[in-house]
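Report on one structure; see the data block that follows.
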Amino acid sequence: QVQLVESGGGLVQPGGSLRLSCAASGSFFDINNMGWFRQAPGKQRELVAAIGSAGGTNYADSLKDRFTISRDNAKHTVYLTMNNLKPEDTAVYFCNAYLRRTVVDIGRVYWGQGTQVTVSS
């Protein structure tokens, strides 16, 4: 009933930029936190950035200077702008959302399917 769908991934050259988006759809009451994670081959999934409903943000320390997370509450969409991309940024990027289905729900985390970002010359 709730889906998160990412878009914007692809192949980019080192130093280039991409903007990922993730839209939530279906039946839900509200969305609290939204975030981006990534998982490179042979690595554990790691936090990229997260954003609260009021706009507060949290970033991985190594990415804060290059990545920016934002959201459009009216569109139920979270964005990740990635600048000066490096080969080490190559990974599958997943979005997630902590939301309540109804006003009495305590909330839970939902995940998107992921989108591939490949940084290569």
Side-chain angles (χ1 to χ4, degrees):
Q1 294 183 346
V2 177
Q3 286 191 331
L4 301 174
V5 180
E6 301 99 335
S7 63
L11 176 65
V12 64
Q13 295 184 13
S17 299
L18 284 175
R19 183 171 67 182
L20 307 181
S21 64
C22 174
S25 62
S27 180
F28 52 86
F29 177 69
D30 61 8
I31 303 174
N32 191 353
N33 296 326
M34 303 186 79
W36 290 95
F37 287 70
R38 70 183 185 183
Q39 187 165 21
K43 302 291 184 65
Q44 290 187 312
R45 188 173 298 185
E46 64 176 348
L47 171 70
V48 175
I51 185 168
S53 60
T57 58
N58 183 41
Y59 294 89
D61 289 341
S62 63
L63 302 177
K64 191 176 190 304
D65 293 339
R66 297 188 294 118
F67 290 13
T68 302
I69 189 170
S70 60
R71 66 189 289 171
D72 185 333
N73 290 336
K75 296 181 178 180
H76 311 302
T77 299
V78 62
Y79 303 93
L80 182 69
T81 301
M82 304 182 292
N83 298 314
N84 192 25
L85 284 162
K86 304 174 181 180
E88 65 194 49
D89 296 318
T90 296
V92 177
Y93 285 71
F94 300 88
C95 76
N96 71 357
Y98 183 83
L99 59 82
R100 296 188 293 174
R101 294 277 196 90
T102 71
V103 68
V104 298
D105 194 2
I106 63 172
R108 62 183 296 178
V109 176
Y110 294 82
W111 289 88
Q113 295 296 312
T115 184
Q116 177 71 47
V117 173
T118 302
V119 184
S120 179
S121 60

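For reference, positions follow the sequence shown, starting with 1. Excluded from the calculations below are hydrogen atoms, water molecules and symmetry mates; all remaining heavy atoms, backbone and side chain alike, are included.
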- Query: For Gln3, does the CD atom sit with more than 12 other heavy atoms under 6.0 Å from it, leaving out its own atoms?
  - Reply: no
- Query: Is Tyr110 close to Gln1 at the side-chain level, that is, under 4.5 Å between some pair of heavy atoms?
  - Reply: no
- Item | ILVMFWY network linking Tyr59 to Ile51, side-chain heavy atoms under 4.5 angstrom | yes
- Item | Leu47 vs Asn58 side-chain heavy atoms within contact, under 4.5 Å | yes
- Separation of Cys22 SG from Glu6 CD (nearest 0.5 Å): 5.0 Å
- With Val12, the side-chain contact (heavy atoms from CB on, under 4.5 Å) member among Thr118, Leu18, Thr90: Leu18
- Item | Hydrophobic cluster identity match, Val92 and Leu85, side-chain contacts under 4.5 Å | no
- Query: If you take all heavy atoms of His76 and Met34, which pair is closest and at what distance?
  - Reply: O-CE, 4.1 Å
- Query: What is the minimum heavy-atom distance between Ser17 and Asn83, and which atoms define it?
  - Reply: OG-OD1, 3.0 Å
- Query: Closest heavy-atom contact between Gly35 and Ile69?
  - Reply: CA-CD1, 4.3 Å
- Decide yes or no for Asp89 and Leu63: does some side-chain heavy atom of the first lie under 4.5 Å from some side-chain heavy atom of the second? yes
- Item | Separation of Glu46 CD from Phe37 CZ (nearest 0.5 Å) | 9.5 Å
- Which class fits the ring pair Phe67 and Tyr93: parallel under 30°, tilted 30 to 60°, perpendicular over 60°? tilted
- Message: Once rounded to the nearest 0.5 Å, what's the spacing between atom CZ of Arg45 and atom CZ of Arg38?
- Response: 13.0 Å
- Shortest non-hydrogen contact from Gly112 toward Phe94: O-CD2, 3.8 Å
- Mind checking whether Val117 and Leu20 have side chains closer than 4.5 Å, heavy atoms only? yes
- Looking only at heavy atoms, what is the nearest atom pair of Thr77 and Ser21, with distance? CG2-CB, 4.2 Å
- Take Met82 and Val48, measure what side-chain contact (heavy atoms from CB on, under 4.5 Å) needs, and give me the verdict at the end. CA-CA 11 Å; Met82 304 182 292; Val48 175; over 6 Å; no
- Ignoring hydrogens and angles, tell me if any N or O in the side chain of Arg108 forms a donor-acceptor pair with the backbone of Arg101 under 3.5 Å. no
- Return the minimal non-hydrogen interatomic distance between Lys86 and Arg66, and the atom names on each side. CE-NE, 3.9 Å
- Supply the atom-to-atom distance Gln113 CD to Cys95 SG, rounded to the nearest 0.5 angstrom. 10.0 Å
- Run the numbers on Asp72 and Tyr79 for side-chain contact (heavy atoms from CB on, under 4.5 Å), then give the verdict. CA-CA 8 Å; Asp72 185 333; Tyr79 303 93; 4.1 Å; yes
- Message: In this structure, would Leu4 and Tyr98 fall into the same cluster of hydrophobic residues linked by side-chain contacts under 4.5 Å?
- Response: no
- Message: Going by side-chain contact (heavy atoms from CB on, under 4.5 Å), Leu99 matches just one of Val2, Asp105, Asp30. Which one?
- Response: Val2
